[in-house]
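Note sheet for the following structure.
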Amino acid sequence: QAAIAIENARYYEDIQEYAASLQVAARENEELLAQVQRHAEKLEQEVKARTAEIYAEKVKVDAILKSAGDAIILTGPENRITYVNDAFCSLTDYTVADVVGETTQKVLCPEHSPPGTHSAIEQAMTNGLSWRGDVLAVHCDGHVIETEMTLAPVRDVNDHILGFVGSLRDVSQTRALERAKSEFLTNVSHQLRTPVTNLKTFAYLLSNGRPEQRAHYINIMGRQIEKLTHLIQDVLEIAELDVGPVVTDWNPVTPTTLLNVAATRFRTEAEVTELTLKIMQPNEQLPPIYGSASRLAQALNQIVENALLYTDEGEITIGCRTDDSARPEAVSYTH
């Protein structure tokens with residue numbers, strides 16, 4: 001019995017020690033659990049803060065894309081459109097539903113753009129590189145729009161390409177102006193030869209020709225000098241187009257005054273070419289128009305000059321009238 005009592009006492013001590021160790025472990029687990037809970041709360045706060053930051057960045061990016069003046073298009077796998085901004089819709093008149101999910105061939109036609117454009121874009125996309133150049137965009141009604149496009153890859157954190165973002169700027173008017181300037185300068189270079197050659201010819205005749213014809217020679221030289229002056233002025237005005245607006249003097253202008261001035265200027269030239277220059281007077285009193293008298297006169301003079309150049313015989317009539325048929329009521333527009 002004593003042995004049993006001693007054995008029980010030893011078991012009891014072991015149990016007490018084991019219970020004490022369990023209590024220590026329990027306290028350690030409670031402390032560990034508290035640490036885990038604190039860490040979880042901290043992570044939750046960080047996740048909330050990060051989520052708010054991501055949302056704020058998304059809102060900011062959306063606002064930037066929507067307010068961007070350039071058309072923006074985003075593509076994903078298989079070169080399918082995943083996003084377009086408002087400027088793109090305004091440029092092409094497509095809606096977001098019309099193009100999202102479609103391939104870029106619906107809205108872009110690089111194969112019909114300047115030579116080498118299609119292959120250059122394909123090479124850049126294959127190699128994951130950026131590209132910039134002129135590309136034709138397709139309007140919803142089928143006509144093409146000249147644009148300048150900047151293409152760049154979109155990558156994930158592992159540097160894998162997710163798609164491409166393209167920024168398109170409408171350069172139709174710029175390119176048209178460049179072509180017009182180039183054509184104009186080419187034509188001017190040819191037109192300059194005529195008055196210069198005539199001046200040389202009549203300068204020679206003035207010195208060596210018949211004395212009784214000198215007044216005639218001087219008159220012709222004066223007209224050639226005037227023509228040369230107009231050509232030089234046109235070249236200078238083309239240069240002004242690159243600087244900024246060329247119309248600054250906006251004032252009321254009387255249409256009939258423009259007609260009379262143009263007729264007076266070109267009447268002699270018309271007689272020389274055996275053409276009749278006639279003014280068609282309006283049947284009613286025309287209202288004044290608002291604009292630049294010098295620029296309007298320049299435009300009208302160019303039209304009359306072209307008519308004189310490309311009319312073989314007969315009569316050239318210039319005039320003006322009001323037309324309210326396609327205009328809002330109670331408003332007159334002079335043509």
Side-chain angles (χ1 to χ4, degrees), residues 175-210 212-241 246-247 253-284 286 289 291-323 325-326 333-335:
R175 298 293 183 265
L177 180 59
E178 290 175 354
R179 288 191 293 268
K181 288 170 60 177
S182 177
E183 182 180 355
F184 171 79
L185 293 175
T186 301
N187 293 335
V188 165
S189 64
H190 290 290
Q191 293 182 24
L192 283 173
R193 293 192 184 100
T194 301
V196 170
T197 302
N198 290 337
L199 285 173
K200 289 181 179 179
T201 301
F202 286 99
Y204 174 81
L205 292 175
L206 194 62
S207 301
N208 302 283
R210 291 181 296 176
E212 64 273 14
Q213 292 293 325
R214 286 184 178 179
H216 176 64
Y217 298 154
I218 292 173
N219 184 28
I220 294 178
M221 290 178 68
R223 291 203 301 268
Q224 295 302 317
I225 291 173
E226 182 180 358
K227 185 176 182 179
L228 190 60
T229 301
H230 289 312
L231 288 174
I232 295 173
Q233 184 62 34
D234 289 342
V235 174
L236 294 176
E237 289 174 354
I238 286 293
E240 291 179 4
L241 292 176
V246 294
V247 177
V253 181
T254 304
T256 53
T257 301
L258 294 175
L259 296 178
N260 292 329
V261 171
T264 301
R265 174 181 173 182
F266 291 100
R267 183 170 286 113
T268 302
E269 187 172 343
E271 292 174 355
V272 171
T273 55
E274 298 182 354
L275 294 172
T276 302
L277 185 60
K278 179 181 177 182
I279 297 180
M280 182 183 65
Q281 296 292 344
N283 296 327
E284 57 179 325
L286 297 180
I289 57 179
S292 169
S294 60
R295 295 300 178 185
L296 289 170
Q298 181 184 9
L300 180 59
N301 290 341
Q302 187 64 57
I303 293 173
V304 176
E305 185 174 0
N306 288 342
L308 292 172
L309 288 174
Y310 299 105
T311 302
D312 295 331
E313 60 182 9
E315 182 180 271
I316 298 174
T317 304
I318 58 176
C320 56
R321 61 183 174 84
T322 57
D323 184 4
S325 61
Y333 294 84
T334 303
H335 294 261

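Note that the structure is a prediction, hence the values are computed from the model and not measured.
Between V253 and S292 the shortest heavy-atom distance is CG2-C, 4.4 Å. The two residues L259 and I279 come nearest to each other via the heavy atoms O-CD1, 3.7 Å. The nearest pair of heavy atoms linking A262 to N301 is CB-OD1, 3.6 Å. Here the shortest heavy-atom pairing between L228 and P195 reads CD1-CG, 3.9 Å. Residues L277 and R267 approach most closely at CD2-N, 4.1 Å, considering heavy atoms.
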Inset, instruction - Take R265 and V261 through the test side-chain contact (heavy atoms from CB on, under 4.5 Å) and record every step on the way to the result. - result: CA-CA 6 Å; R265 174 181 173 182; V261 171; 5.5 Å; no

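Proximity of T201 to Y204: side-chain heavy atoms (C-beta onward) are nowhere separated by under 4.5 Å. I318 places none of its side-chain heavy atoms less than 4.5 Å from the side chain of I303.
In this structure, the separation between CZ on F266 and CG on L275 is 13.0 Å, given to the nearest 0.5 Å. Atom CG of L296 is separated from atom OG1 of T257 by 11.5 Å, given to the nearest 0.5 angstrom. Rounded to the nearest 0.5 angstrom, T276 OG1 and E271 CD are separated by 8.5 Å. Between the CG atom in L177 and the OG atom in S182 there is a gap of 11.0 Å [rounded to 0.5 Å]. Rounding to the nearest 0.5 Å places CD of Q302 at 7.5 Å from CD of Q298.
The number of heavy atoms from other shown groups lying within 6.0 Å of CG (N306) is above 12. Heavy-atom neighbours of E313 CD from other residues, nucleotides or ligands within 6.0 Å: at or below the threshold of 12. Counting heavy-atom neighbours within 6.0 Å of E212 CD, excluding the residue itself, gives a total above 12.
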Side chains of residues 214-225: which donor-acceptor partners sit under 3.5 Å, not counting sequence neighbours?
from : atom 1 : to   : atom 2 : distance (Å)
Q224 : OE1    : N198 : ND2    : 3.2

